[in-house]
Structures are given as C-alpha cells and as structure tokens.
Amino acid sequence: MSLHETGEAVPKAVLVGIQIGKTSDQELQNSLTELSRLVTTLGFDVIGRMSQRRTSTKSATVLGDGKLMELAKWTGGTGKIAPFAVKKKHKASLRFKKDDEDEDIFDLPEETFDPSEPEDFVEEENPQDQAQYVIFDCDLSPSQLRNVESATGAKVLDRTGVIIEIFSRHARTRAARLQVEIARLTYVAPRMRETLGDDDRMGGGGKGAGESAIELDRRKIRDRIKELKQELASIGQEHLTRRSRREQEACVALVGYTNAGKSSLMRAMTGSEVYVADKLFATLDTTVRAVYPETRPKILLSDTVGFIKKLPHDLVASFKSTLDEALNASLLLFVVDAADPSFRSQLEVTRTTLAEVGAGEIPSLLILNKRDCLSDEQTSALAAEFPDAIFLSTRNPQDVEELRLRLVKFFENSMREEEIFIPYKVQGVIGDIRARLKVLGESYDEKGVRLKVRANAEDFDKIAKKIRDALADID
C-alpha cells in the first residue's frame with residue numbers, strides 16, 4: 001500500500017547530502033532542495049536535512065562515525081552498526097533445538113520474491129517527533145543500506161529508489177508501466193543478496209536444481225525482465241507504426257526539466273485535457289496532439305518525460321521509446337522555469353540527455369516559461385542573456401498565440417508557393433489538399449480548379465503523384 005494512500009499520519013524523513021570533490025555548497029543545497037521535492041512528491045514530510053563532505057561514498061555507512069551518531073538522533077537509533085552474524089536456521093537443524101531455544105527473532109519465515117509485485121515502502125513504528133525514513137542524495141550499495149538502517153533504526157532509501165518509486169506511482173499507460181517495472185527490477189536485483197539475508201537453502205529436482213534461494217529469486221527477476229522486454233518490444237512496434245504515419249507531419253517536441261511547465265504548455269497549445277500538477281514527474285507518458293486552433297499544414301505537439309539531475313541510467317534507457325519522439329521531431333522546444341534560479345543547470349541536464357539519445361542537432365527554440373513570476377529587472381537581464389528565447393506564461397493567451405504563430409513561421413520558412421491544377425474528373429485530391437495544406441487562393445475554369453498552395457516539396461510531389469495516378473486510372 002502506498003504511503004500517501006493509507007490515510008494515516010504522514011511519515012517523516014530526514015535528508016542526507018554528501019559533498020564530494022569540487023561540489024560547491026550551493027550545488028549541494030540545490031540538490032538537497034530537489035531531493036526534498038522528490039520526497040514530498042512521494043508523500044513524506046521532510047523534517048530536517050544534514051550533509052557532510054567526504055572524499056568518496058565507498059565507506060560502510062557513507063558518513064563518518066560522528067555524523068552517523070548525529071543522524072541517529074533524528075531517528076532514535078543507536079548510531080552503531082549491529083552485528084549481522086546470525087544466520088537463518090535450516091529445518092533439519094531446528095529438529096535438534098529445544099523448545100525454549102526455538103524462539104529466535106532472526107528465525108523468520110523464508111521470504112519468496114515475486115518480481116511481478118511492486119515493493120511498497122512500509123511505514124515503521126517510530127515516535128512522532130522522530131524521522132521514520134533516512135533518504136540519501138546519492139546511490140547506496142546493499143551493504144550501506146543495511147548498515148545505515150542498523151545504526152539509525154529507520155528505513156533507508158537512496159535517490160534512485162525514490163525516483164523509481166515515483167515513476168511506479170505515476171506511470172499510467174501500459175508502455176510506461178512496463179518501462180518502470182524493468183528499471184525497478186534492475187534496481188532490486190543486485191540488492192537481493194543482503195536484503196534477503198544469508199540464505200543458502202538449495203532447490204530440489206528439475207530446472208534450477210542445486211540453486212540457492214537467492215539464485216532462484218535472481219533468476220526469477222531475469223526471466224521476468226526478459227518477459228517485460230518482449231512485451232515492451234511488441235508495444236514498441238505499435239508506437240513505431242503510429243510514428244511512421246506522422247513522419248510527413250510537422251512535429252514539435254516539448255522537452256525540459258521535470259515540473260518546468262511542459263504539460264501546462266501542452267494544454268494551452270492544444271486545448272487538450274493533459275494532466276497537470278505541481279509535482280515532479282507528474283506525467284510520464286508521451287502525449288501527441290495537434291496545435292489548436294489547427295494550422296495548415298497541421299502541427300503536432302508531443303510532451304515527453306521530464307529530466308532531472310542524477311536520473312538513473314536504467315530509467316533513461318527504459319524511456320528511450322518516449323525520447324524517440326524528440327529524436328524524430330522537426331523542432332524541439334526547450335521549456336524551462338525561468339523563475340527557478342537553477343534553470344541554467346537544468347537546461348544543461350536536458351541538453352546533455354538529449355545528446356545521449358542522438359537529438360542534439362535538431363533545431364530548437366528556448367522557452368522561458370513562467371514569465372509572470374519574474375520582475376521587470378529579471379526579465380530584462382534574461383532577455384540580454386538569451387536574446388533568441390521566447391518569454392511566455394501559459395496563463396496568458398496572447399503569449400500562447402504568439403508561440404503558435406512562431407511555430408507556423410518556422411515550418412513555413414521551408415515551404416514554397418505553387419499553383420496546382422486539378423481537372424474536374426480527378427476526385428478526392430482537392431479535399432486532401434484543403435485538409436493538409438495551406439490554400440492561399442483558388443480559381444475555376446471550364447476544365448478544372450487552380451489552387452495556389454504553400455507547402456513543402458514532399459507535399460507537392462505527393463499531390464502531383466495522386467493526380468497522375470488518378471488520370472491514369474481514368475484513361
């Protein structure tokens with residue numbers, strides 16, 4: 001059960017940042033602020049944060065002993081790592097134990113891993129004034145997670161685990177759920193050895209004979225990932241078919257940092273009821289809609305998944321199919337929250353990620369969104385720094401209309417005007433031209449219709465071929 005769906009008290013969390021190398025104090029605080037927003041999106045109440053400069057994150061608890069004790073004060077833990085030498089008992093060995101020796105708190109029922117079931121975060125019983133969760137702004141190994149949990153008595157999560165859980169909750173379409181599940185299982189697999197304990201029971205006959213329980217569970221994960229990838233591949237073919245139908249359309253992709261306002265802009269530009277919320281990763285699924293009022297030729301707008309610093313590589317790989325919308329677009333709109341002081345670094349994250357998937361050379365426009373939150377001085381400074389950017393507020397219809405006209409102008413720059421003659425005996429071509437292309441004028445004579453049209457060279461070639469084929473069929 002998801003934490004925020006229980007109706008119980010909101011769980012409390014303390015954040016931990018690690019300052020490595022040349023990371024500045026400001027960069028550290030910006031990253032912790034972003035982690036705080038992620039954790040809030042997950043349904044937690046952040047009651048504190050702490051940080052420490054370290055040479056690396058490879059130590060047993062990441063933190064030094066003193067900081068670990070300080071962290072334990074937030075959670076009510078001991079600040080010390082308990083020994084983990086007790087092993088689970090085999091049933092055969094238990095037969096030789098006396099009744100009063102059988103009660104061992106470490107002798108728990110054997111766990112069975114079901115990779116088809118998401119792992120929900122379970123709320124711990126802690127005093128109300130203490131944090132039940134410790135969340136690190138870096139990746140932790142299985143042993144580090146275990147050690148910090150032992151010292152703090154709290155549930156410990158790392159940044160990747162938080163992001164994957166948010167993705168799991170917000171994925172709505174079949175493709176998005178499959179992509180997130182693959183990333184989740186990839187994240188879980190290497191952590192199973194220590195999260196399930198030192199369990200060396202062996203399997204019976206048949207497939208997998210001689211495997212330990214942990215090997216069996218890890219094989220389940222591998223098999224499940226293989227199934228999910230096969231299912232995703234079939235969906236990918238469906239997406240590829242739909243995308244191929246749009247190849248000759250004018251396509252624009254909205255790209256940018258999570259919560260920069262892409263979905264709000266999508267709604268304003270298309271009139272569609274796209275889900276909008278002031279949360280990180282509120283939408284994960286690619287949406288494609290026509291710009292409204294509709295243009296000639298029609299312009300399609302797609303809203304892609306948002307980016308974030310330290311986005312797990314497995315999630316980037318999993319969402320490659322949605323990022324392909326950007327790769328196949330004619331124009332990218334880089335949407336940034338101009339009121340966010342860190343938008344420059346966020347823009348760099350977006351550009352870098354898109355370059356990784358091969359979309360770095362696609363023509364683009366920079367949209368400085370949320371201009372209504374800027375002062376006149378801030379607007380002037382940004383205009384000087386980004387002279388080619390478009391300032392916009394999705395709440396201002398005039399701003400939205402100006403962007404729409406800018407998009408039309410972009411595509412018309414590659415068009416030319418021609419006159420097309422369509423004989424009366426040719427059926428269906430005039431309707432196709434009116435539906436797809438921009439008609440500037442028309443005239444009639446005794447033989448047919450002359451249309452003055454603005455379009456791309458490919459569109460003129462298609463229309464000419466349709467007319468030739470129609471006349472050939474008539475003759």
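Values reported hereafter were calculated over all heavy atoms of this structure, with side chains retained and with hydrogens, waters and symmetry mates removed. Numbering of residues begins at 1 and proceeds along the displayed sequence.
Between Thr23 and Gln19, the side chains place no donor N or O within less than 3.5 Å of an acceptor N or O (distance only, hydrogens not considered). Thr61 and Asn147 share no side-chain donor-acceptor pair at under 3.5 Å. For the residue pair Thr352/Glu348, the side-chain donor-acceptor check at 3.5 Å is satisfied. No side-chain N or O of Ser393 forms a donor-acceptor pair with one of Asp399 less than 3.5 Å apart. Using modelled atom types, one finds no donor on one side chain facing an acceptor on the other under 3.5 Å when comparing Asn30 with Glu34.
By the 6.0 Å and 45° rule, Arg351 stacks over the aromatic ring of Phe334.
The side-chain heavy atoms of Leu15 and Asp137, taken from C-beta on, include no pair separated by under 4.5 Å. Contact check for Ile182 versus Lys229: side-chain heavy atoms found under the 4.5 Å cut-off. No side-chain heavy atom of Val255 sits less than 4.5 Å from a side-chain heavy atom of Leu333. The shortest distance between side-chain heavy atoms of Arg450 and Glu442 does not fall below 4.5 Å. The side-chain heavy atoms of Lys370 and Leu374, taken from C-beta on, include no pair separated by under 4.5 Å. By the 4.5 Å heavy-atom criterion applied to side chains, Leu392 and Leu368 are not counted as neighbours. Counting only heavy atoms from C-beta outward, the side chains of Val453 and Lys438 never approach each other to under 4.5 Å. In this structure, the side chains of Leu347 and Leu366 come closer than 4.5 Å at one or more pairs of heavy atoms.
A donor-acceptor pair under 3.5 Å is absent between the side-chain atoms of Asn456 and the main chain of Asp459, judged by distance alone. Counting only distance, with no hydrogens or angles, the side chain of Ser24 and the backbone of Glu27 share a donor-acceptor pair below 3.5 Å. Gln427 places a side-chain N or O within donor-acceptor distance of the main-chain N or O of Tyr424, the cut-off being under 3.5 Å. No donor-acceptor pair under 3.5 Å is formed between the side chain of Asp337 and the backbone N or O of Phe343. Put simply, the side chain of Ser414 never gets that close to the backbone of Phe410: no donor and acceptor are under 3.5 Å apart. The closest donor-acceptor contact from the side chain of Arg177 to the backbone of Ser168 lies at 3.5 Å or more, if one exists at all. Remark: side-chain polar atoms of Gln144 are paired, donor with acceptor, to backbone N or O of Ser141 under 3.5 angstrom. Ser31 places no side-chain N or O within donor-acceptor distance of the main-chain N or O of Leu28, the cut-off being under 3.5 Å.
The two atoms that bring Ser36 and Val46 nearest to each other are OG-CG2, 3.8 Å, heavy atoms only. When every heavy atom of Cys138 is checked against every heavy atom of Ile18, the shortest pair comes out as SG-CG1, 4.1 Å. Shown here for Ala470 and Val426, the closest heavy-atom pair between the two residues is CB-CG1, 3.8 Å. In terms of heavy atoms, Leu32 sits closest to Val16 at CD2-C, 4.0 Å. Between Glu149 and Ala154 the shortest heavy-atom distance is CG-O, 3.3 Å. Closest of all the heavy-atom pairs between Ile163 and Leu38 is CG1-CD1, 4.1 Å.
Atom CD of Glu385 is surrounded by more than 12 heavy atoms from other residues, nucleotides or ligands within 6.0 Å. Counting non-hydrogen atoms of other residues, nucleotides and ligands closer than 6.0 Å to OH of Tyr292 gives a total of 12 or fewer. More than 12 heavy atoms of other residues, nucleotides or ligands sit less than 6.0 Å from atom CZ of Arg53.
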Evaluate the side chain to side chain contact (heavy atoms under 4.5 Å, CB included) criterion for residues Arg416 and Phe460: first the C-alpha distance (whole Å), next the side-chain angles of each, then the deciding distance (0.1 Å), finally the verdict. CA-CA 9 Å; Arg416 67 173 190 259; Phe460 284 120; 3.8 Å; yes
Residue pair Gln230, Ser234: steps toward the side-chain hydrogen bond (donor to acceptor under 3.5 Å, both in side chains) verdict: CA-CA 7 Å; Gln230 290 173 344; Ser234 65; over 6 Å; no
For Asn369 and Lys262, run side chain to side chain contact (heavy atoms under 4.5 Å, CB included): C-alpha distance rounded to whole Å, both residues' side-chain angles, the deciding distance at 0.1 Å, then the answer. CA-CA 9 Å; Asn369 192 24; Lys262 297 187 300 299; over 6 Å; no
Verify salt bridge (charged side-chain N to carboxylate O under 4.0 Å, His left out) between Glu215 and Arg219, making sure each step is shown before the conclusion. CA-CA 6 Å; Glu215 291 169 341; Arg219 179 161 57 80; over 6 Å; no
For Asp139 and Thr160, what are the C-alpha separation, side-chain angles and deciding distance, and is it a side-chain hydrogen bond (donor to acceptor under 3.5 Å, both in side chains)? CA-CA 6 Å; Asp139 286 339; Thr160 295; 2.5 Å; yes
Check against side chain to side chain contact (heavy atoms under 4.5 Å, CB included), Ile422 and Ile433: CA-CA 11 Å; Ile422 305 100; Ile433 292 175; 4.1 Å; yes
Under the criterion side chain to side chain contact (heavy atoms under 4.5 Å, CB included), I'd like the reasoning laid out for Arg54 against Ile20: C-alpha separation, chi angles, the key distance, then a yes or no. CA-CA 6 Å; Arg54 303 285 284 172; Ile20 301 292; 4.0 Å; yes
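Rounding to the nearest 0.5 Å places CD of Glu227 at 13.0 Å from CZ of Arg222. Rounding to the nearest 0.5 Å gives a distance of 9.0 Å between CG of Leu332 and CG of Leu365. The CG atom of Leu35 lies 12.0 Å from the CZ atom of Arg37; values are rounded to the nearest 0.5 Å. The CG atom of Asp45 sits 9.5 Å away from atom CD of Gln132, with the distance rounded to the nearest 0.5 Å. Interatomic distance, Leu157 CG to Leu140 CG, rounded to the nearest 0.5 Å: 9.0 Å. Rounding to the nearest 0.5 angstrom, the gap separating the CZ atom in Arg224 from the CZ atom in Arg184 is 9.0 Å.
Contact check on Arg169 versus Glu165 returns a salt bridge, with a Lys/Arg side-chain nitrogen under 4.0 Å from an Asp/Glu carboxylate oxygen.
The residue from Glu418, Glu419, Glu417 that alone fulfils the salt bridge (Lys or Arg N to Asp or Glu O under 4.0 Å) condition with Arg454 is Glu417.
Taking Asp461 as the reference, nothing meets the salt bridge (charged side-chain N to carboxylate O under 4.0 Å, His left out) condition, with sequence neighbours excluded.
Aromatic pair Phe44/Tyr133: centroids less than 6.0 angstrom apart.
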